[in-house]
Amino acid sequence: MKLRFNRSQLCIPYALFLACFVIAPLIVIVYYAFTNGQGQFSFSNFVNFFSSTNTLGTLLYSFALAFSVTLVCLLIGYPTAYILARSNFKKKYVLLMLFVLPMWINFTLRITALKEILSVLEGNISAYPFLNSVIGMTYDFLPFMILPLYTSLLKLDKSLSEAAEDLGANKLTVFLRITLPLSVPGIVSGITMVLLPSMTNYVVLDMLYNSTYIMGSLIGSYFSAYDWNNGSMISLVLLVIIFIVTLVTNRFSDKDAERGTVL
Amino acid sequence: MKKALKIFWLAIVLAFIYVPILVLAVYSFTDASMVGASGGFSFNNYINLFADEELRNMIFGTVALALICAAISTVLATMGAIGSYYSKRVPKTLLNTANQVPVVNADIVTGFSVCILLIVILRISKDTFIPLGIGHIVLTAPFVYLSILPKLKQMDNSLYEAALDLGATPAQALFKVVIPQLIPGILSGFMLAVTLSLDDYFVTTYTKPSTFDTISTYVVNATKGSQTETKTALWALSTIIFLIVITAVVLMNVLSQKGGKANEKA
């Protein structure tokens, strides 16, 4: 009994670390979001956020951008993952690697490369801010969509769709009623990996000359203005969104497709 | 016909992924100042990349930061994962939940909250690199933890007990029996930590000393400026990283195939 106790003690440093640098900062964020610069309790940051058309517009723009990016990633990623998972190619894994390999190249360098190409294609890239942001983020996040989709499609039992075909279903029915529903965990986990970063990664927008703000840019500008309170409010809004998304997606959770098992 | 369509689709997606990187790679060997401009063959970008002290320091700093933080993360999270695996249900759930927070959280919120706690409230100077280091460990350790847990579940528990019965101390049993079985998980966790740290922009921006830059923050600043020499030197950097990544992936595939064959025999 004593020996087991010894082993579980190993987690104490990590538990302390998480408490000090993960949980405590979150509490601090909540505290700062509801106090003013003098440390007094106040709803002014909250009111600031929800009464300003600027910040609400930013929230809407972030959602619009994030949904577009997620949709495009899904539309490109799903067929790709499907073809890869169903291919008879002996070394499927190598083929998959080709598609997710860019993940390991620094994203700012990849966006630089994309920017050069877009400049050649479009001439003046600042003329299409929204389109370019969608392209840029899709370029950045596509591997994170393909990977969980591939994992869940690969695990899918082929005999189920064969059985459906034997029983007279056509290919479309098989896909809509067997394959698609069974790959929902992969879809959901892909969506979570793309949706949140595309609401916050303002660097992609900056680098592609899109001067419209998203939620991340608000935090960035409050950070530069040393306005910790309003910055915390934006972080809190994001935390609430993340919390809701997590609650929804936990219903479909698929452990193998999580980001932690990427390598 | 259908097969051709599939290959066509894959080819288009691959083109989308690789054309920008490859075009940049080709142009990195020219003296052109932008893609599309004509230029002659030249190694200037590569020479600049290694001759410029600022660029050299930046690359060295990024890699050093990633390796040091990944190493600390790996030790912390490995101990954490082993500890939590043998803990009672409540502490285990608490730890797993806390560990999940940075995983699902947006990097920018992680960075901002660490910045407020350490720099604004505790007044730790950014120049000590402590906020930056802690920020990167917060960012990477949870992923190491997640990559070790499955290996713990696969492990045969009786081996540890057997080691104890045969007279090993708990420490010996841990280092000679438990940890060796976790090594694949620890290694992939470490690699993941390195790549996450290398790729990070947000945590770094909010916690770094003003004189220090990682590749991400440097590239973002460089694209705002108009120094073409720096810009084209970064093309060379991008190409070098691309080549390193490809080599690493090929090596990993070759090694894992050998490992796979060894496992099949055993």
Side-chain angles (χ1 to χ4, degrees), chain A residues 3-4 6-15 17-18 21-26 28-29 32 76 79-80 83 94 97-99 101-102 104-110 112-114 116-117 119-120 196-197 200 203 206-207 216 219 223 228 231-232 235 238-239 242 246 258-263, chain B residues 6 9-10 13-14 17 19-21 23-24 34-36 76-77 79-80 82-84 86-87 95 98-99 101-106 108-109 112-114 116-117 120-121 134 138 143 146-147 164 170 188 191-192 195 198-199 201 206 215-216 219-220 223 234 237-238 241-242 245-246 249 253:
Chain A
L3 299 170
R4 287 189 177 273
N6 270 332
R7 273 193 293 181
S8 62
Q9 271 178 335
L10 281 174
C11 70
I12 291 175
Y14 190 53
F17 180 83
L18 289 178
F21 303 117
V22 173
I23 306 302
L26 292 188
V28 165
I29 286 280
Y32 266 68
I76 299 177
T80 310
I83 298 172
V94 178
M97 272 296 167
L98 269 180
F99 285 85
L101 181 148
W104 290 297
I105 303 172
N106 188 294
F107 82 95
T108 55
L109 289 172
R110 276 190 290 141
T112 312
L114 182 72
E116 295 294 331
I117 299 298
S119 309
V120 173
L196 291 167
T200 52
V203 173
D206 280 356
M207 290 180 78
I219 296 184
F223 172 81
W228 314 117
S232 298
S235 304
L238 281 171
L239 278 172
I242 291 163
T246 315
E258 267 165 24
R259 209 168 141 195
T261 51
V262 156
L263 271 175
Chain B
K6 282 179 183 172
W9 173 265
L10 292 186
V13 178
L14 276 182
I17 295 175
V19 162
I21 302 173
V23 168
L24 210 65
M34 59 180 287
V35 169
L76 257 181
M79 286 169 63
I82 297 174
S84 100
Y86 293 108
S87 292
L95 205 64
N99 186 73
V101 172
V103 176
V104 296
N105 204 348
I108 188 169
V109 178
F112 190 74
S113 64
V114 168
I116 291 205
L117 178 74
V120 180
I121 296 184
I134 290 180
V138 170
F143 291 96
L146 285 181
S147 56
L164 291 183
S188 68
M191 292 302 295
L192 186 57
T195 51
L198 287 177
D199 206 41
Y201 173 83
Y206 295 140
I215 293 177
S216 306
V219 171
V220 172
T223 47
L234 289 174
L237 178 62
S238 159
I241 293 181
F242 179 59
V245 169
I246 287 209
V249 167
N253 270 315

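Just so we're on the same page: letters track the sequence lines, and every chain starts at 1.
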Task: Segment of Val120(A) engaging chain B (4.5 angstrom heavy-atom cut-off) - done: side chain
Open item on the list: Contact between Leu109(A) and Ile241(B) at the side-chain level, heavy atoms closer than 4.5 Å - yes or no?
Closed with: yes
TODO: Assign the ring pair Trp228(A) / Phe112(B) to parallel, tilted or perpendicular, where the plane angle (0 to 90°) is split at 30° and 60°.
DONE: tilted
Task: 4.5 Å side-chain heavy-atom contact, Val219(B) and Asn106(A) - done: no
- [ ] Please state whether the side chain, the backbone, both or neither of Phe17(A) comes within less than 4.5 Å of a heavy atom of chain B.
- [x] side chain
Task: Options Val101(B), Leu14(B), Val19(B), ranked by heavy-atom pairs under 4.5 Å with chain A, top entry - done: Leu14(B)
Task: Among Ile121(B), Val104(B), Val120(B), residue most engaged with chain A (heavy-atom pairs, under 4.5 Å) - done: Val120(B)
Task: chain B contact via Ile219(A) - which portion, at a heavy-atom distance below 4.5 Å - done: both
- [ ] Could you tell me whether a side-chain N or O of Asn105(B) sits under 3.5 Å from a main-chain N or O of Leu239(A), the two making a donor and an acceptor?
- [x] no
Task: Heavy-atom pair of closest approach, residues Ile108(B) and Gly216(A) - done: CD1-O, 3.4 Å
- [ ] Report the option among Tyr14(A), Phe21(A), Tyr32(A) that has the most heavy-atom pairs separated by less than 4.5 Å from atoms of chain B.
- [x] Tyr14(A)
TODO: Check whether any side-chain heavy atom of Ser232(A) lies under 4.5 Å from a side-chain heavy atom of Ile116(B), and answer yes or no.
DONE: yes
Task: Single hit among Leu198(B), Val245(B), Ile246(B) for side chain to side chain contact (heavy atoms under 4.5 Å, CB included) with Trp104(A) - done: Val245(B)
Task: Atom group of Ile105(A) that falls short of 4.5 Å from chain B, counting heavy atoms - done: both
Open item on the list: Testing the basics here: between Ile29(A) and Ser113(B), what is the closest heavy-atom pair and its distance to 0.1 Å?
Closed with: CG1-CB, 3.5 Å
Open item on the list: So if I apply the side chain to side chain contact (heavy atoms under 4.5 Å, CB included) rule between Ile117(A) and each of Leu24(B), Val23(B), Ile21(B), which one comes out positive?
Closed with: Val23(B)
- [ ] Against chain B, label Leu18(A) side chain, backbone, both or neither, depending on which of its atoms sit under 4.5 Å from a heavy atom there.
- [x] side chain
Open item on the list: As an exercise: rank Ile82(B), Val114(B), Leu234(B), Asn99(B) by heavy-atom pairs under 4.5 Å with chain A and give me the winner.
Closed with: Asn99(B)
Task: Per-residue contact mode, Leu101(A) against chain B (heavy atom under 4.5 angstrom) - done: both
Task: Counterpart residues, side chain to side chain donor-acceptor pair (under 3.5 Å), relative to Ser84(B) (two or more places apart) - done: Tyr145(B)
Open item on the list: Give me the atom names and distance for the closest heavy-atom approach of Ile242(A) to Ala106(B).
Closed with: CD1-N, 3.5 Å
TODO: Mind ranking Thr112(A), Leu26(A), Ile76(A), Asp206(A) by heavy-atom pairs under 4.5 Å with chain B and telling me who comes out on top?
DONE: Ile76(A)
Open item on the list: Taking side chain as everything from C-beta outward and backbone as N, CA, C, O, which of these in Ile83(A) sits under 4.5 Å from a heavy atom of chain B? Side chain, backbone, both or neither.
Closed with: side chain
Task: Pairs of heavy atoms under 4.5 Å with chain A: top-ranked of Ala98(B), Ser87(B), Ser216(B) - done: Ser216(B)
Open item on the list: Quick check on Thr246(A) against chain B: is it the side chain, the backbone, both or neither that has a heavy atom closer than 4.5 Å?
Closed with: side chain
